[in-house]
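The block underneath contains the structure these notes are about, expressed in structure tokens.
Order of the sequence lines sets the chain letters (A, B, ...), proteins ahead of strands, with each chain counted from 1. The figures that follow rest on heavy atoms only: side chains count, while hydrogens, waters and symmetry mates do not.
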2 protein chains.
Amino acid sequence: MAIKKLEPKWLNPREMKAWRSYIQTVRRMMEALEADLSPHELSLPDYEVLVLLSEAEGRRLRMTELAEAGLISKSRLSHRMKVMEKAGWVKREACKEDRRGLWAVMTDRGWKTLVKAAPDHTESIRNRFIDHLTVKDQEDMARIFDRVHSQLREQYLAEQDKK
Amino acid sequence: MAIKKLEPKWLNPREMKAWRSYIQTVRRMMEALEADLSPHELSLPDYEVLVLLSEAEGRRLRMTELAEAGLISKSRLSHRMKVMEKAGWVKREACKEDRRGLWAVMTDRGWKTLVKAAPDHTESIRNRFIDHLTVKDQEDMARIFDRVHSQLREQYLAEQDKK
DNA sequence: ACGCTTTAGTTGAAAGTTGAACAAATATTG
DNA sequence: CAATATTTGTTCAACTTTCAACTAAAGCGT
């Protein structure tokens, strides 16, 4: 890969502009979404957990599945679940098929909380992001980020193999 | 704003696709960037602090300026600075013009750490993101996110005024 | 069936973050 | 110029996240 040495080491102005614009906006937007959600007493990660459970068969997922789908560590999920269980949104049930395992199950109360928060959150996503994109922007975004995403996955797998 | 009621409440498939693609990729990418930086014993926020100081006049900024530029709270910066000071990358100096204040100053050691990490980090940004964008993608991204960013700022200011 | 390895999930301690309360210095206003 | 309000940065306590160690149950190879 001798050619790699010839690639420019630094970002050129156009690249830097895209990068900075991107990275700053991400953070601001996430903060805004968090703030919009806070009246519902939900954090973004907790909301995400509820969404994943709500979409699952029987509104339940194994802990590991949930952690992977939510892109959080098992340890973190375990701690979070304790808090969310106390809040009454979820409960944990023994798993008969695999007695090491547990089902994370969404309660009715959790469902109601989600249903109540969802329209506001959707509105928030619109206000803070999507409404500022044209249809073409949306298509461009999906295309670009799908590509980046699949690249990241490939890189991840390649890095795993090396180990 | 009666018209607002007529807006669709839910995201349509194209919008949902753009949103999910975006949000998942953001998180994966940040994780990858963090991991790429970790051999330098730097976290992304700490790297950002060093970059901001490195670009500042005299490699120094007031704590509040630094917190605002880095999009972190003063409290968090205060805690971080204690750690970074212990690592020898920065120091805090009394401010003569305003005796309440402090200068966050980058040390030579901090500069060396940054200079050593920067090429790898740049390479990382390329590998994980920019190289997967065409020039046109880059321009689109900058345009889109500049727009979203300015909207967020406007919204932020409007919300402040209400209070 | 026997060890050995892997997988599922939890735990506890350390580190990081948040938000409110605070002290000190400066700015503003009557 | 005194009283009040604001700004600067830190600190404490509560909470969250990470990392490594751990238990228990499967799985696997012989």
Quick one: [X] [atom1] to [N] [atom2], roughly how many Å, whole number?
X       : N      : atom1 : atom2 : answer
B:Arg62 : D:dT10 : CZ    : C1'   : 14 Å
B:Glu93 : D:dT8  : CD    : P     : 19 Å
A:Leu71 : D:dT18 : CG    : C1'   : 16 Å
B:Lys91 : D:dG9  : NZ    : C1'   : 19 Å
B:Lys74 : C:dA24 : NZ    : C1'   : 13 Å
A:Asp46 : D:dT16 : CG    : P     : 8 Å
A:Leu44 : D:dT17 : CG    : P     : 12 Å
B:Leu66 : D:dT10 : CG    : P     : 11 Å

Quick one: is [X] getting a side-chain N or O under 4.0 Å of the [N] phosphate, OP1 or OP2?
X        : N      : answer
B:Arg92  : D:dT10 : yes
A:Lys82  : C:dT11 : yes
A:Arg76  : D:dT17 : yes
B:Arg99  : C:dA24 : no
B:Arg100 : D:dT10 : no

**Report entry** B:Met141 CE to B:Asp146 CG distance, which is reported to the nearest 0.5 Å
**Finding:** 10.0 Å
Report task. Assign each of A:Leu77 and B:His79 to its nearest nucleotide of DNA chain C by heavy atoms, then name whichever residue's nucleotide is nearer the 5' end. Result -> A:Leu77
Requested in this report: Give the nucleotide from the list C:dG9, C:dT18, D:dT11 with an atom nearest to the side chain of B:Ser78.
Outcome: D:dT11
Report summary line: B:Asp98 has its side chain closest, among D:dT16, C:dG9, C:dA25, to C:dA25
Query raised in the report: Base, sugar-phosphate, or nothing: which does B:Ser75 touch, judged by heavy atoms less than 4.0 Å apart?
Result: base
Query raised in the report: For the residue pair A:Tyr22 and A:Phe145, does the interplanar ring angle fall in the parallel (under 30°), tilted (30 to 60°) or perpendicular (over 60°) class?
Result: tilted
Report summary line: Contacts of A:Glu97 and A:Arg80 projected onto DNA chain D by closest heavy atom; the upstream (5') one is A:Arg80
Query - Salt-bridge criterion met for B:Lys112 and B:Asp108 (N-O under 4.0 Å) - result: no
Report task. Could you check A:Lys74 against A:Glu68 for salt bridge (charged side-chain N to carboxylate O under 4.0 Å, His left out), going step by step and ending with a plain yes or no? Result -> CA-CA 8 Å; A:Lys74 291 204 271 189; A:Glu68 279 168 9; over 6 Å; no
Query raised in the report: A:Leu61, A:Met63: one ILVMFWY side-chain cluster at the under-4.5 Å cut-off?
Result: yes
